[in-house]
Amino acid sequence: MRGDTKPDVCVIGLGYIGLPTAAIIARAGCRVHGVDVTQSVVDTINRGEIHIEEVDLDGLVQAVVQRGLLTASTTLAPADVFVIAVPTPFAKDGNHTPDTSYVMAAAQQVAAVIKKGDTVILESTSPVGTTEAMRDAIAAARPDLELPGLGEGQPDVSIAYCPERVLPGKILEELTHNDRSIGGITPRCARKALAFYKRFVKGECVTTDARSAEMTKLVENAFRDVNIAFANELSMIADKQGLDVWEIIRLANRHPRVNILTPGPGVGGHCIAVDPWFIVHGAREEAQIIRQARDTNDAKMHHVLARAKALADAHPDAKIACLGLAFKANIDDFRESPARFVAAALAREYGSRVQVVEPYAGDLPVEFEGTGAELVDIDTALEESGVLITLVDHDVFKVIPPEERTGKKVYDTRGIWPDVA
Ligand SMILES: NC(=O)c1ccc[n+]([C@@H]2O[C@H](COP(=O)([O-])OP(=O)(O)OC[C@H]3O[C@@H](n4cnc5c(N)ncnc54)[C@H](O)[C@@H]3O)[C@@H](O)[C@H]2O)c1
């Protein structure tokens with residue numbers, strides 16, 4: 001690829017990150033071949049449809065598929081740039097060990113088709129050193145190629161790490177406008193990746209080395225986790241001392257250099273509740289606050305459950321409405337959700353006394369099966385339940401006026417109703 005010829009791009013992993021990324025690159029005029037191991041995902045995209053919920057993504061995918069700029073299959077095709085956006089969960093070993101096997105599997109697939117002049121970019125959130133490990137795997141599979149950072153000569157290919165920091169619900173906008181950290185294995189690799197991102201990113205693209213870019217992504221989410229843990233710890237202290245945490249935070253935040261975040265029932269989702277463990281895994285001795293924040297945020301979930309049970313036990317004839325299951329407001333993502341954990345635990349304990357209100361769910365998740373709990377709309381819950389527990393700050397819950405809650409016993413874990421202490 002020379003001069004301004006548009007590169008052919010292969011995006012590996014077509015989920016919440018990979019599909020919008022593939023669509024945006026295609027919108028910039030590059031031919032994009034998307035790869036996913038799941039046949040139904042591939043078939044859906046080739047029909048010009050989408051398998052995930054994301055604002056405006058359906059129209060964009062339909063347009064780029066119709067124009068022939070985006071195709072999908074389960075196998076890699078040769079390309080000039082390979083973008084890897086596969087999952088990086090932690091292993092189910094009880095130890096929160098990062099599982100980079102999906103990245104390494106993708107690297108093996110890339111190794112089979114990569115040629116001189118190509119660029120490989122890892123976007124998956126990854127422990128420090130993963131991009132180098134991926135480079136080593138490609139080097140082992142392709143001794144005919146010179147890989148960056150390994151020998152004296154000019155490398156044949158470029159390898160870089162470029163993390164995502166998008167907000168679900170605003171992915172297309174943020175993919176385009178957010179600043180990006182671009183970490184090359186060598187400065188030359190970073191420049192190659194930078195030239196690629198400049199084609200479709202309007203935010204500032206800042207180059208660094210691959211390890212720093214990997215750590216930067218983890219640090220961003222650990223920063224959020226630690227700050228939320230501070231708010232959650234405060235809320236538990238306030239409960240013990242009979243204080244109103246919301247009032248205290250409101251007052252403290254009047255200090256010009258204090259900005260305490262909002263407590264909640266814990267921290268969920270597949271990023272903030274997961275990524276800090278990647279730091280802890282790499283520096284167990286040193287990562288004391290980061291580890292403690294994870295434990296504090298998990299402890300808050302159990303604290304909320306205990307308070308909710310105490311309220312339910314104090315009003316044994318009342319139905320209990322759990323408002324929300326999602327891991328945060330106004331989305332349909334229930335992964336690692338503390339609200340879901342609390343509501344399911346209450347359902348197991350109190351059975352048909354429990355009503356769940358979740359406007360973003362068609363059915364209750366599997367762990368509610370056989371408990372007797374039911375999914376109801378907000379009006380039914382307000383009519384029938386004597387105990388209300390707010391677990392998610394969905395807009396639809398925030399606007400319920402005090403007069404519709406008259407006579408109810410309320411535990412507001414999100415502070416959405418200022419009239420409730
Ligand atoms: N979703 C977010 O908001 C977000 C934000 C920032 C970073 N990330 C990170 O981005 C990465 C991807 O996350 P996601 O939310 O898109 O995950 P996802 O589960 O939605 O999508 C991943 C896709 O990769 C596919 N896949 C797995 N192995 C594959 C392989 N070897 N070849 C081809 N396809 C394969 C899966 O079938 C799936 O469709 C993760 O590392 C995540 O931590 C996600």
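Scope of the values below: all heavy atoms of this structure, side chains included, with no hydrogens, waters or symmetry mates. One-based numbering, in listed order, for ligands and for the atoms of each.
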Close side-chain approach of [X] to [Y], heavy-atom, < 4.5 Å:
| X | Y | answer |
| --- | --- | --- |
| N46 | V65 | no |
| Q62 | R47 | no |
| D239 | R307 | yes |

For [X], counting its heavy atoms only, list the atoms of ligand 1 lying under 4.0 Å from any of them.
| X | value |
| --- | --- |
| T38 | 37 (O) |
| A85 | 12 (C), 22 (C) |
| V35 | 33 (C), 34 (N) |
| E164 | 6 (C), 7 (C) |
| Y102 | 27 (C), 28 (N) |
| K217 | 6 (C) |

message: With a 4.0 Å cut-off on N to O distance, would you call R165 and E174 a salt bridge?
response: no
- prompt: Are the charged groups of R348 and E367 less than 4.0 angstrom apart, N to O?
  reply: no
Shortest protein contact, [atom] (heavy atom only):
| atom | value |
| --- | --- |
| atom 2 (C) of ligand 1 | H270 NE2, 3.3 Å |
| atom 5 (C) of ligand 1 | I17 CD1, 3.7 Å |
| atom 21 (O) of ligand 1 | G15 CA, 3.1 Å |
| atom 31 (N) of ligand 1 | Q109 OE1, 3.1 Å |
| atom 19 (O) of ligand 1 | P87 CG, 4.1 Å |
| atom 24 (O) of ligand 1 | G13 CA, 3.3 Å |
| atom 17 (O) of ligand 1 | Y16 N, 4.5 Å |
| atom 30 (C) of ligand 1 | V37 CG1, 3.5 Å |

- line: Min over I12, V86, T130 of heavy-atom distance to atom 40 (C) of ligand 1 lands on V86
message: Looking at non-hydrogen atoms alone, which of D36, L14, T88, N221 comes nearest to atom 36 (C) of ligand 1?
response: D36
query: Which bit of S124 is near ligand 1, meaning a heavy atom under 4.0 Å away: side chain, backbone, both or neither?
result: both
Is it true that the side chains of [X] and [Y] contain a donor and an acceptor less than 3.5 Å apart?
| X | Y | value |
| --- | --- | --- |
| T44 | E49 | no |
| S181 | K217 | no |
| S73 | H33 | yes |
| T390 | D412 | yes |

query: Does T296 use its side chain to pair, donor to acceptor, with the backbone of Q292 at less than 3.5 Å?
result: yes
- prompt: Can you check whether S124's main-chain N or O pairs, donor with acceptor, with E164's side chain at less than 3.5 Å?
  reply: no
Does [X] reach ligand 1 with a nitrogen or oxygen that is under 3.5 Å from one of the ligand's nitrogen or oxygen atoms?
| X | value |
| --- | --- |
| R165 | no |
| R335 | no |
| E123 | no |
| T125 | yes |

- prompt: Any protein heavy atom lying closer than 4.0 Å to atom 26 (N) of ligand 1?
  reply: yes
- request: Tell me, please, whether F334 has R340 positioned over its six-membered ring: NZ or CZ under 6.0 Å from the ring centre and within 45 degrees of its axis?
  value: no
task: List the atom of N330, the atom of Y360, and the distance in Å for their closest heavy-atom pair.
output: CA-OH, 3.4 Å
